[in-house]
Every structure is written in structure tokens, then in C-alpha cells.
Amino acid sequence: MPYSRFFDDAISKLKGERRYRVFADLERDAKAFPRALRHGPERIDEVVIWCSNDYLCMGRHPRVIEAMTAGAVRHGAGAGGTRNIAGTNHPLVELEAELADLHGKEAALVFTSGWISNLAAISTIGDLLPDCLILSDEFNHNSMIEGIRRSKAQRQIFRHNDLAHLEELLIAAGHDRAKLIVFESLYSMHGDFAPVAEIAGLARRYNAMTYIDEVHAVGLYGPHGGGVAERDGVMDQIDVIEGTLAKGFGTLGGYIAAKASIVDAVRSHAPAFIFTTALPPALAAAATVAVRLLKQEQGDVLRAQHQRQAMLAKHALSAAGLPVMQNPSHIVPVLVGDPELCKRATDMLLDRHRVYIQPINYPTVARGGERLRITPTPLHTDAHIAHLVESMADVWRTLGLAFVEPAKILEFKRETDARCTFPEFKRAAE
């Protein structure tokens, strides 16, 4: 049997749907970020990165790099095994204590990525709770959907940030049934916040547990970088807080923070934790320093500068008539609405203007919701933003993409909110 044919057909299908992804060969320079070198077949170009999730640039912070270097020299490059065998190293224990303190919880547990932490924790909690019903926001991340699907628990989906719909499902489930509400604090492709306090209030009223994904908020919000729940003063009302070390903290790994009994149960039952090699001690040491720095006054300065540049970019792009999907967070999504045009726009930005932004298309967003997701950082200067706006306006004109009059921004937002729904995601989770 010609097995390769099946793989060739799968790739051909992606290309036919204009969803085939091409990765640029970039060489990031920690001292020069957001500038980087793009290696091409004929030449090397300098580009500006506009889609990094290292939101606060902690991945190039001198003290974080110093901690990682010293950790590698002292402990070696790898972890030596799974946590159950040889991988529980002291820097990892220190990191978990730092994360538990950040979120005001009894304990924390570190995984190799945020995707794995959601998969492992949600599926394990759902299985350990008898006759559990998982209630999931319709816009939840793929990692959360996979965790829900791998659980034996029943699941239902509530409309995005719709408290009335969530309450209907909670009432129908009954007070005594085990219930787990799973949602994000900040939805990264739209940039909107969840009503965290209100969801926590419903959970208390109807006897449900809460599980919040703070991956795009930890480090960035709250007086110590604890996320939206800390900003809103409700961390103590959330049962399980999940976060990442790979975005606001600039390193690698994911984690949960909760009561010690919850953490211990996940640690002891989750195959995705038990059978995975631990995070290397050098990475753990670097992440610990990043968390500590962002808890301090230095974190306030970085967060303020980050918000300034994000809001400035959003305002400048909107003023130029570019179709920014308005939201209250640091995320700057610009709607294209067509996969081929989205890819052509990003190619033209890179080749003509040396602006690096990856296209966002299905299944990351719904069909028809293809967009560019711009993530300004504290190191993107006002001059960088001006160049970005000029570059995107040129690409929009060249490709004949629609501009939006500033006076019609709110009308445009309502139209795009109604347009960009996720029926495919709903079916997958169900």
C-alpha cells in the first residue's frame, strides 16, 4: 500500500483550503528584540517581529538569562527523567512554591507546557469528580477542549461570556451534582475578558468548582502579575488557576495552582504528568526569576509600558482605517476574513516591509474570521508602531482589502462579533 499518498493528500487538502502553514527561519537576537534576522535561500534580512507571545520580553531579561545559564552550568541541560523517577529537582520545587504564592494557593504543579497542563488537569479533575458535568465556554482554547474530551465527564457548552446561559445550565444540572466551570480569563484571539467575579459568584451559588485559564494574563495583569483574577480581587474564589511560563514570564512550561489536595490528586493520577520528562532545572530557575521580577515594582513598570504600546498601536491602526477588532486588552486583532488574502497580506508585509506577522486562520479561529494578531511589547517603540501602520496600510491598498472609517469602528465591532462564531469548535467539544 502506498502509505505516503495519504499524507500527500492531507497536505494537498490544507493547501487547497489555503490553510497550509509556512514557517519563517528567524534568528532572534535577545539584545536587539523585536528585531530579528530572517534566513532565506538567497539572503539574510532584518525583520521586526510583531506576533511574539513573549509579551513583556522577559525571555531576554539579563537576570532571567543569567539564572538559566547558571542553572545549566550547575545542574546540566536536562532534567534526568520524569518527576516520579529522577526529575524532581530543587529549582522546580522552588518554582512551584513561587507560583503558589503568586496566586495565593496552597500548592502548584508545573508541567512541560500550558497545553499539557490544561489537558492533564481538566481531564483528571473531570474523571475524579463523580458524575461530573463540565461546563465550557464556547471560545475555550484547544488545549482545554482536548482536556474536556479526554475526560469521561459529561460536558455542555455555554455561549461565550453569557452568564444567563451558564446559570441556566447550572440550574438544570441540580445543586448536588458535581460541576466544573472551565473558562479563560482573557481570550487571546478576540482580546476580551471573562466576567471572572460573576462566574465565581454563580459557582458559589450553584455549588460548582471553577477552573480558569490565565495563560494570556499571568505576568501582565494584577499588582503582582497574578492575572485577571488578581486584578479583579477574586483569586481566592477560583478553585484552580492554570497558567503558562511561556508568555508573560518568557520561558517555557505550564502549571496549575490550587488547594494542596487538588494538586496532589492531579500529580498522582494524570498520565500526561506522570509519564512526561520534567522541566529542566535551568528552565525552572529562569522562570522563578521571571515570576519574582514581575511581582516587584519592576513588573509594574513593564506592565504599564506594555499597555501603553498596545493601546497606542490599536489607536494608530484604527485611525488609519485598518479593521481592528476592538477590545479592552493588550491583544490587537486585525480582521481579514479570507484565508488566502490573510496569507498574502502577511507574505507582503514580510517581503516588502520586513514586518513579521503570522496569519491566523482555521482552526485557530473560525472560517471567515481569519486575521492578523498583533502583540506589541514594551520594546516596540513609537517608531516601530508608525512603520507598522504605514506598512499595513500599503498592503491593504495593494490587495484591495477593506478599510473601516474610524466613526464606524463600533458598528464594525458588532458585525465582526456576530460573524466570527465557532460552530466547528462547539461540535468538537460536544
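What you see is a predicted model, and the numbers here were worked out from it, not measured in a lab.
What you find for Pro271 and His269 is that their closest heavy atoms are CD-O, 3.1 Å. Ala260 and Ala107 make their closest contact through CA-CB, 3.9 Å (heavy atoms, listed as atom of the first residue, atom of the second, distance). Summarising the geometry of Gly368 relative to Leu335, their closest heavy-atom pair is O-CD1, 4.2 Å, with the distance given to 0.1 Å. Smallest separation of non-hydrogen atoms from Ile157 and Leu169: O-CD1, 3.9 Å. Heavy atoms only, all atoms of each residue included: Ala121 and Val266 are closest at CA-CG1, 4.2 Å. Ala270 and Thr124 make their closest contact through CB-OG1, 3.3 Å (heavy atoms, listed as atom of the first residue, atom of the second, distance).
With 3.5 Å as the limit, one finds no donor-acceptor pair spanning the side chains of Lys343 and Asn361. Using modelled atom types and a 3.5 Å distance limit, the side chains of Glu138 and His165 yield no donor-acceptor pair. Using modelled atom types and a 3.5 Å distance limit, the side chains of Ser52 and Asp54 yield no donor-acceptor pair. Side-chain N/O atoms of Glu27 and His39 include a donor and acceptor closer than 3.5 Å. Arg231 and Ser185 are not linked by any side-chain donor-acceptor pair at a separation below 3.5 angstrom, with hydrogens and angles left out of the test. Using modelled atom types and a 3.5 Å distance limit, the side chains of Ser318 and His315 yield no donor-acceptor pair. Inspection of the Asn118 and His141 side chains reveals no N or O donor paired with an N or O acceptor under 3.5 Å. Side-chain contact check for Thr210 and Gln237: no donor-acceptor pair (N or O, by modelled atom type) lies under 3.5 Å.
In this structure, the side chain of Thr88 engages the main chain of Arg83 through a donor-acceptor pair within 3.5 Å. Judged by distance alone, the side chain of Asp137 and the main-chain N or O of Asn161 form a donor-acceptor pair under 3.5 Å. In this structure, the side chain of Arg150 does not engage the main chain of Ser123 through any donor-acceptor pair within 3.5 Å. Of the possible polar contacts, none joining the Asp347 side chain to the Ala345 backbone as a donor-acceptor pair under 3.5 Å is found. Looking only at distances, no side-chain donor or acceptor of Lys314 sits under 3.5 Å from a matching main-chain atom of Pro328. A side-chain donor-acceptor contact under 3.5 Å links Trp396 to the backbone of Ala402. Proximity of a side-chain donor or acceptor of Thr346 to a complementary backbone N or O of Tyr356 within less than 3.5 Å is not detected. For the pair His61 (side chain) and Arg63 (backbone), a donor-acceptor distance under 3.5 Å is present. For the pair Arg19 (side chain) and Pro339 (backbone), a donor-acceptor distance under 3.5 Å is absent. Side chain of Asp232 to main chain of Val234: no donor-acceptor pair is present (N/O by atom type, distance under 3.5 Å, no hydrogens or angles).
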Point to revise | Stepwise side chain to side chain contact (heavy atoms under 4.5 Å, CB included) check, Ser143 with Leu119 | key: CA-CA 6 Å; Ser143 59; Leu119 175 77; 5.7 Å; no
Exercise for review: Mind running side chain to side chain contact (heavy atoms under 4.5 Å, CB included) on Thr277 and Thr112 for me, showing each step along the way?
Suggested key: CA-CA 8 Å; Thr277 297; Thr112 50; 5.9 Å; no
Point to revise | Steps toward side chain to side chain contact (heavy atoms under 4.5 Å, CB included) verdict (Val48, Leu388) | key: CA-CA 9 Å; Val48 177; Leu388 172 70; over 6 Å; no
Check your understanding: Step by step, would you call Thr82 with Asn84 a side chain to side chain donor-acceptor pair (under 3.5 Å)?
Key -> CA-CA 5 Å; Thr82 66; Asn84 288 342; 5.4 Å; no
Practice item. Go through the steps for Thr251 and Met68 under the test side chain to side chain contact (heavy atoms under 4.5 Å, CB included), then give the verdict. Key: CA-CA 10 Å; Thr251 54; Met68 190 168 189; 5.9 Å; no
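Taken from OG in Ser136 to CZ in Phe158, the straight-line distance is 6.5 Å, to the nearest 0.5 Å. Interatomic distance, Ile134 CD1 to Met209 CE, rounded to the nearest 0.5 Å: 10.5 Å. The CG atom of Leu99 lies 4.5 Å from the CG atom of Leu95; values are rounded to the nearest 0.5 Å. One finds the CG atom of Leu252 at 7.5 Å from the OG atom of Ser113 (value rounded to the nearest 0.5 Å). Atoms OG and CZ, on Ser268 and Phe273 in that order, are 8.5 Å from each other to the nearest 0.5 Å. The CG atom of Leu350 sits 11.0 Å away from atom OG of Ser391, with the distance rounded to the nearest 0.5 Å.
Other residues, nucleotides and ligands contribute more than 12 heavy atoms inside 6.0 Å of the CZ atom of Phe403. By the neighbour-count criterion of 12 heavy atoms within 6.0 Å, atom CZ of Arg28 is densely surrounded, having more than that number from other residues, nucleotides or ligands.
A salt bridge links Arg308 to Asp382: at least one charged side-chain nitrogen sits closer than 4.0 Å to a carboxylate oxygen. Using a 4.0 Å cut-off between charged nitrogen and carboxylate oxygen, Arg303 and Glu230 do not count as a salt-bridge pair. Between Asp264 and Arg267 there is a salt bridge, since a side-chain N of the basic residue sits under 4.0 Å from a carboxylate O of the acidic one. Salt bridge present: Lys295 and Glu98 bring a charged side-chain N and a carboxylate O closer than 4.0 Å. Ion pairing between a basic and an acidic side chain is recognised when a charged N comes within 4.0 Å of a carboxylate O; Arg149 and Glu146 show such pairing.
Put simply, the side chain of Leu379 reaches to within 4.5 Å of the side chain of Arg60, judged on heavy atoms. A 4.5 Å side-chain heavy-atom check between Gln358 and Thr364 finds every atom pair outside the cut-off. The closest side-chain heavy-atom distance from Ser151 to Ile122 is not below 4.5 Å. Side chains of Glu66 and Thr69 form no contact here, defined as non-hydrogen atoms less than 4.5 Å apart.
Taking the six-membered ring for Trp and thresholds of 30 and 60 degrees, Phe139 and His160 have nearly parallel ring planes, at less than 30 degrees apart. A tilted orientation is assigned to the rings of His306 and Tyr55, their planes being inclined by 30° to 60°.
Partners of Asp45 according to the salt bridge (Lys or Arg N to Asp or Glu O under 4.0 Å) rule, which considers only residues two or more places apart in sequence or in another chain, are Arg38, Arg43, Arg354.
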